[in-house]
Colleague: 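Have a look at this one.
Residues take their numbers from the sequence shown, with the count starting at 1. Since we're looking at a predicted model, the values are computed, not measured.
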Amino acid sequence: MRRLRRTGDRLRRLRDDLRVLDEQRPYVVDDADDLGLRAVVSDSPLDRHDAHEAAGHAEALLRQRRHLVEEIARLETLQDRLLDRLGGG
């Protein structure tokens, strides 16, 4: 029972993290796209650096999202097994 409660608590935290990340994602990706376009148009080393940095942030955010989705799926499977065990199934 304790493990089921901990799993549920962890799932809630991860889902909250995913929701926040999904709210931030469009802004981070748009910023990276805008800076990338600016770097192409200006051909400035500083703009290229800023674009590269922004693209790195966007990619890190997408990696974090993939990790959260995978971890949520793993914990949902665990929670289902724990519930089946609790219900005698």
Colleague: Would you compute the distance between atom CG of Leu14 and atom CG of Leu75 and round it to the nearest 0.5 angstrom?
Modeller: 6.0 Å

Colleague: What's the separation between atom OG1 in Thr7 and atom CZ in Arg12, rounded to the nearest 0.5 Å?
Modeller: 10.5 Å

Colleague: Nearest 0.5 angstrom please: Leu68 CG to Ile72 CD1, how far?
Modeller: 6.0 Å

Colleague: Atom CE of Met1 and atom CZ of Arg85: how far apart are they, to the nearest 0.5 Å?
Modeller: 13.5 Å

Colleague: Tell me, please, which residues at least two apart from Asp43 pass side-chain contact (heavy atoms from CB on, under 4.5 Å).
Modeller: Arg48

Colleague: Between Asp16 and Arg13, is there a salt bridge with N-O shorter than 4.0 Å?
Modeller: no

Colleague: In terms of side-chain geometry, is the basic nitrogen of Glu59 or Arg25 positioned less than 4.0 Å from the acidic oxygen of its partner?
Modeller: no

Colleague: So, taking the atom named CG in Leu18 and the one named CG in Leu11, what distance separates them when rounded to the nearest 0.5 Å?
Modeller: 11.5 Å

Colleague: From the options Glu71, Glu76, Glu70, select the one residue that forms a salt bridge (charged side-chain N to carboxylate O under 4.0 Å, His left out) with Arg74.
Modeller: Glu71

Colleague: Decide yes or no on side-chain contact (heavy atoms from CB on, under 4.5 Å) for Leu21 and Asp17, but give the supporting numbers first.
Modeller: CA-CA 6 Å; Leu21 193 142; Asp17 290 349; over 6 Å; no

Colleague: When rounded to the nearest 0.5 angstrom, what distance separates CG in Asp22 from CZ in Arg65?
Modeller: 4.0 Å

Colleague: Only one of Leu86, Asp80, Asp84, Leu78 passes side-chain contact (heavy atoms from CB on, under 4.5 Å) with Leu82; say which it is.
Modeller: Leu78

